[in-house]
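Here is the naming used below: chain letters follow the sequence lines, and residue numbers restart at 1 for every chain. Since this is a predicted model, take the numbers as computed values, not measurements.
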Protein chains: 2
Amino acid sequence: MDRLDRKILRLLQEDSTLAVADLAKKVGLSTTPCWRRIQKMEEDGVIRRRVALLDPVKVNTRVTVFVSIRTNTHSIEWLKRFSEVVGEFPEVVEFYRMSGDVDYLLRVVVPDIAAYDAFYKRLIARIEIRDVSSAFAMEQIKYTTELPLDYMILDTQKSGED
Amino acid sequence: MDRLDRKILRLLQEDSTLAVADLAKKVGLSTTPCWRRIQKMEEDGVIRRRVALLDPVKVNTRVTVFVSIRTNTHSIEWLKRFSEVVGEFPEVVEFYRMSGDVDYLLRVVVPDIAAYDAFYKRLIARIEIRDVSSAFAMEQIKYTTELPLDYMILDTQKSGED
DNA sequence: ACATTCCATGGATCGCCTTGATCGCAAAAT
DNA sequence: ATTTTGCGATCAAGGCGATCCATGGAATGT
């Protein structure tokens, strides 16, 4: 992993439809080695997958709700079951176990408040929860799947920018 | 937009490298009309872009921090400047304006706590904020870019499953 | 000096994207 | 009942781009 790999990743995070030849040109390589690097990073699992990103408005999921959850039971079994149940809901798009006073945090996407209420009822019907509090996002100012690559660990620390 | 389109979107959200022919087979179409539907959905902006998703661990950003921000000044100008400044940080991967007692919520990805502290200092050096509180995620139980398509508005409500 | 590694280049194959044209079916409209 | 309209199926064909191989050269390390 050097800065060429990083440059490739940067571009593929933005647009994975880029032809290898174009990518190579932008990176400053010829197509063959560029292609090989991509292959390697896919094998190594650095590149997980390539997906299509949809417009939330167009698919009628414009509302994001953050759901903070506190629980009584802190057993492994409960966590396992809780994870499974929550994972089944396609509205739950992110799901974290937290430190601090909140135990779990969900990001839920739905068309509107009414749909959130319906989701909420379905959720608590499936599993017991001590305390739930919902915070509604009024606006999504930034959302990106691009991870910062500045922290990547590179093999060689040669000169160069980017 | 009918259930065939939805089926196509479902598959492309999982894997955008699928060949049109394979996609068509899975959906129950022949390649040409399937390809045309995809084109249309790209033109219409339903499909925004195709991107590569990376492994957070492999690119050294395993830690997620949720940053809750309260502000004094609630002017449009402040919001504009704040948005710009925050948007410049690649570590900020999501950024919402919230209702309720928190004004803004950020999701920040970094390698470790130390890096978060450095990020935090850089942030408050750039802009004045009344109150900041950080919540660390111990575990990412679920993360998906797939939006639920069950709420999609379809042209025809014919019979069928999926 | 030699081995290793990585790149550039060229070529060659093959799959699939992309497009156009034509036909058929089914629903809707007149 | 007939016509119109709107898909989809099928066939065909051009062409781009992915994929792989083979060779030569440059830089690095031992």
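Comparing D/dG17, C/dC7, D/dT10 by their closest approach to the side chain of B/S30 singles out D/dT10. Considering only side-chain atoms of B/T32, the nucleotide from D/dT10, D/dA18, C/dT9 that sits closest is D/dT10. In the set D/dT10, D/dA18, C/dC7, D/dA18 carries the atom at the smallest distance from any side-chain atom of A/V20. Closest to the side chain of A/P33, from the set D/dA18, D/dG8, C/dT9, is C/dT9.
Across the protein-nucleic acid pair, A/L4 atom CG and C/dC6 atom C1' stand 11 Å apart, rounded to whole Å. One can place CD1 of B/I8 at 14 Å from P of D/dC7, the figure rounded to the nearest angstrom. Between A/L18 atom CG and D/dA18 atom C1' there is a gap of 14 Å when expressed in whole angstrom units. At whole-Å resolution of the value, CD1 in B/I38 and C1' in C/dC17 are 11 Å apart. One can place CE of B/M1 at 17 Å from C1' of D/dC7, the figure rounded to the nearest angstrom. A/K25 has its NZ atom 10 Å from the P atom of D/dG17, to the nearest Å. For the pair A/R37 CZ and D/dT19 P, the interatomic distance rounds to 17 Å; values are reported in whole Å. If you take CG of B/L23 and C1' of C/dG15, they are 17 Å apart, rounded to a whole angstrom.
Here the CE atom belonging to A/M1 is positioned 8.5 Å from the CD1 atom belonging to A/I153, to the nearest 0.5 angstrom. Between atom CG of residue A/L29 and atom NZ of residue A/K7 there is a gap of 9.0 Å, rounded to the nearest 0.5 Å.
In this structure, A/W35 reaches the D/dT19 phosphate: one of its side-chain N or O atoms is under 4.0 Å from OP1 or OP2.
Relative orientation of the B/W78 and B/Y104 rings is tilted, given thresholds of 30° and 60° on the angle between their planes.
If you find the closest nucleotide of DNA chain D to A/Q39 and to B/R36, the one lying nearer the 5' end belongs to B/R36.
Crowding of A/E128 atom CD: a count of heavy atoms from other residues, nucleotides or ligands under 6.0 Å not exceeding 12.
In summary, of the residues considered (A/R50, A/R49, A/R36), a salt bridge (charged side-chain N to carboxylate O under 4.0 Å, His left out) with A/E42 occurs for A/R50 alone.
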